[in-house]
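Presented below is the structure to which this report refers.
Below, each value reflects all heavy atoms present in this structure, side chains not excepted, and no hydrogens, waters or symmetry copies. This structure is a prediction, so every number in the text was calculated from the model and none was measured.
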Amino acid sequence: MNFEQLVNDVLLDFFEYLPSVELLRSFSHLNYRFNSLLISHFRTHGLNMQSISKDNFDIICREHLPFIAPYLNGLRLSDDDDTPNQINNLFSYSFSLNRFIQLKSLTLYHISSNEMLKQIVVQFNCDSHLINFNIINCHVTCDRKILRDILNCIWNLPKLMFCHLDMHLSSRGNFCLPSIRSKSIESLWIKYMMFDSDALIRLFRCTPNLRFLTTRVDKLPNNTQFPSILSSISSINLIVDHLTNGSVNLLQQMPNLTSLTLQLGKPYMNGHQWKQFILDYLPKLMTFRFSMLFSLNNEEEINEFIDTYRTPFWLIDHQWFIRCHWGSDFRKILIYMYTLPYCFSFFSFIQNSTNVFTISTCPNKEDYCTYNRVNTLLPYCLPSNDSFLYHIRFNNIRHLELAFPVSDRFLTAFPHFDQLISLIISSDSDVDVDVDIVRSQLQMLINRAPRLYMLTINNWDSSMIQHLPNYLTSNSIRRLNLLSGHYLKRNFCFNTEQCTTFLRSSLAKQCHVLQIIIDDRSNIERLINGMNNLQALKVIIQSDQEDNYFPSEEDLVRWMSSEFSQTFTENLTGTETIRLWVH
């Protein structure tokens, strides 16, 4: 059957499996029918510009975006190192947000410029259809006035319901809240800004119809009182380092709460106290999830604490089970305790303890051993005595951090990493590293990760940073970070000979995005010309001259403009970094 003979519904189903950029390049402007099908598709689907090559970006902006922009339902833009200054490039094609008249979802990644963030949000207007607005991994240095202006523009969106603000401010003192109210926002995610009691009260006042909240709460004074009942909130996810009477008073004001998730430090309340609190103040609570990391003095205290979660209220009425791991060092017992099934996206084993034990209130200790929500494993070392930890199944690990060498038992416990896309490796500073063992273990792990896209070599001696990539092979790695944790350390720089050797490696030949420290700017040309698949390059130039000479921004821009006319460059404010988006 000819492809064009397929009915429209089948073609639209087929479009679901293609990246939006490839979809436009393949089917746009073929004929009236396919243009109509693309319009139908993009009325309900977004355009994702993450990790796009500069060539594809320019083609999309010149040839396809004018046609599809009025129909786009969603848009994702990124100023990450693989697409530096993408948003400015988009605006240079005269695409303001006002041209996306049907836009309902906008997501911005890796913005590090105050001016850029403000330039975007000031384009919002009272006719906007935006329902979903997300800022992901944004690092800015806004003062309070600029931040308030930005938040006011967001809060002023008339139809906005879902707002995700993953913003990392340079100073906690710069945090502020909008000065206007939004009656439309129902779901708010602000995890990396710490709220004290006054900020929480202002937040609830400026979002009076809030139903779902995820945020981080400071240590609230015990006498903290909240002036009104927060009847609209049905689900809350709090990170609370110190649960106090003030924190409990906050939860008391939420009688319609149906879902409560807590990440706690010191456990202010045991199972008996939580039971009474829930019965008295949270009558509609259906889902209660928490994790706690704390310390006790001895195993008798541990058993007494866990027994408070063995009552019929926990085991029969709600079937809320807990599991905890604990390990002892010289002076205390460190405990990690959480509800089951495990609901958090990260997991880290207790470190610096050779003796680790596990206990659970489940009727069968083998229940709830699949941790499918975990996508990130943090640095850890598996203990040798607790066999239960090896029964936990992590089927959806996407991000992994490991210190090498790893134990043979780890390699046995994790026979495959089918979903792994990002791997950060470093050396165990307390162990003499055998280079051959490290290479063998790392290659074995890479072979078990068919989707691994990004490899970061972090906190290692200079010889490993400069030579390890030359001995590794992978069919999937396309992004290589050789500078994380080594900014401005001269012995970690790649000189001309090391750059030349690196270019002969298989990783260099297939690499799309490279981050590296070099000692001479002439090596930029060498890397670009020697890497045929390179799409973006981030370099730190650290001169080997004794006076630590570093070229001025004007010198670098002038040099780049003269020698790389088709390469975009940017010197990031406050850093000695050059980012290039390569044609």
- Task: Could you pull out all residues at least two apart from W155 that satisfy ring-ring contact (aromatic ring centres under 6.0 Å, His included)?
- Result: none
- Message: Can you classify the ring geometry of F133 versus F124 as parallel (below 30°), tilted (30 to 60°) or perpendicular (above 60°)?
- Response: perpendicular
- Minimum side-chain heavy-atom gap F15-L38 below 4.5 Å: yes
- Message: For N137, give me all partners under side chain to side chain donor-acceptor pair (under 3.5 Å), at least two apart in sequence or on another chain.
- Response: H110, H139
- Item | Side chains of L75 and N48 in contact at under 4.5 Å (non-hydrogen atoms) | no
- How about D81 and N481: do any of their side-chain heavy atoms sit closer than 4.5 Å? no
- Query: Do any N or O atoms from the side chain of T456 and from the backbone of N458 form a donor-acceptor pair under 3.5 angstrom?
  - Reply: no
- Check for a donor-acceptor pair, side chain of D79 on one end and backbone N or O of I87 on the other, with a separation under 3.5 Å. yes
- Query: Does the side chain of H467 come under 3.5 Å of the side chain of Q498 through a donor N or O and an acceptor N or O?
  - Reply: no
- Short side-chain donor-acceptor distance under 3.5 Å, N134 and N132: yes
- Message: Determine whether a donor-acceptor pair (N or O, by modelled atom type, separation under 3.5 Å) exists between the side chain of Q510 and the backbone of S474.
- Response: yes
- Task: Could you label the plane-to-plane angle of the Y371 and Y342 rings as parallel, tilted or perpendicular, counting under 30° as parallel and over 60° as perpendicular?
- Result: parallel
- Looking only at side chains, do T107 and R76 share a donor and an acceptor under 3.5 Å apart? no
- Task: Please examine the side chains of I421 and R398, heavy atoms only from C-beta on, and report whether any two atoms are closer than 4.5 Å.
- Result: yes
- Task: Check the side chains of D82 and S51 for a donor-acceptor pair under 3.5 angstrom, ignoring hydrogens and angles.
- Result: yes
- Message: I want to check something: taking the side chain as every heavy atom from C-beta on, are I524 and L537 in contact at a cut-off of under 4.5 Å?
- Response: yes
- Message: I need the minimum non-hydrogen distance between C343 and R373, along with the two atoms involved.
- Response: O-CD, 3.5 Å
- Task: Heavy atoms only: give me the nearest N125-P158 pair and the separation to one decimal.
- Result: O-CD, 4.1 Å
- Query: How would you list, by chain and number, every residue that makes a side chain to side chain donor-acceptor pair (under 3.5 Å) with R451, sequence neighbours excluded?
  - Reply: Q419
- Message: Can you tell me how far apart OG (S128) and CG (N156) are? Round to the nearest 0.5 Å.
- Response: 10.0 Å
- Message: Can a side-chain donor-acceptor contact be found between N85 and N88 if the only test is distance below 3.5 angstrom?
- Response: yes
- Item | I59 side chain reached by R62 side chain, heavy atoms, under 4.5 Å | yes
- Task: For residues P70 and Q102, report the shortest heavy-atom separation together with the two atoms involved.
- Result: O-CG, 3.1 Å
- Message: Between T496 and D520, is there a side-chain donor-acceptor contact under 3.5 Å, judged purely by atom types and distance?
- Response: no
- Message: In this structure, is the centre-to-centre distance between the rings of F417 and F394 below 6.0 Å?
- Response: no
- Query: F57 vs W581 aromatic rings, parallel, tilted or perpendicular, using cut-offs 30° and 60°?
  - Reply: tilted
- Task: Can you measure from CZ (F212) to CD1 (I236) and round to the nearest 0.5 angstrom?
- Result: 12.0 Å
- Any side-chain heavy-atom pair from M454 and Q515 closer than 4.5 angstrom? yes
- On a heavy-atom basis, the closest approach of L106 and L130 is N-CD2, 3.7 Å
- Query: How about E186 and N209: does a side-chain donor come under 3.5 Å of a side-chain acceptor?
  - Reply: no
- Message: Is it the case that the side chain of T207 and the backbone of I185 share a donor-acceptor pair, with hydrogens and angles ignored and the cut-off at 3.5 Å?
- Response: no
- Would a 4.5 Å heavy-atom cut-off, applied to side chains only, mark F34 and S28 as touching? no
- For L77, does its backbone N or O pair with a side-chain atom of Q86 as donor and acceptor, under 3.5 Å? no
- For L23 and L18, which heavy atoms make the closest approach, and how far apart are they? CD1-CD1, 3.9 Å
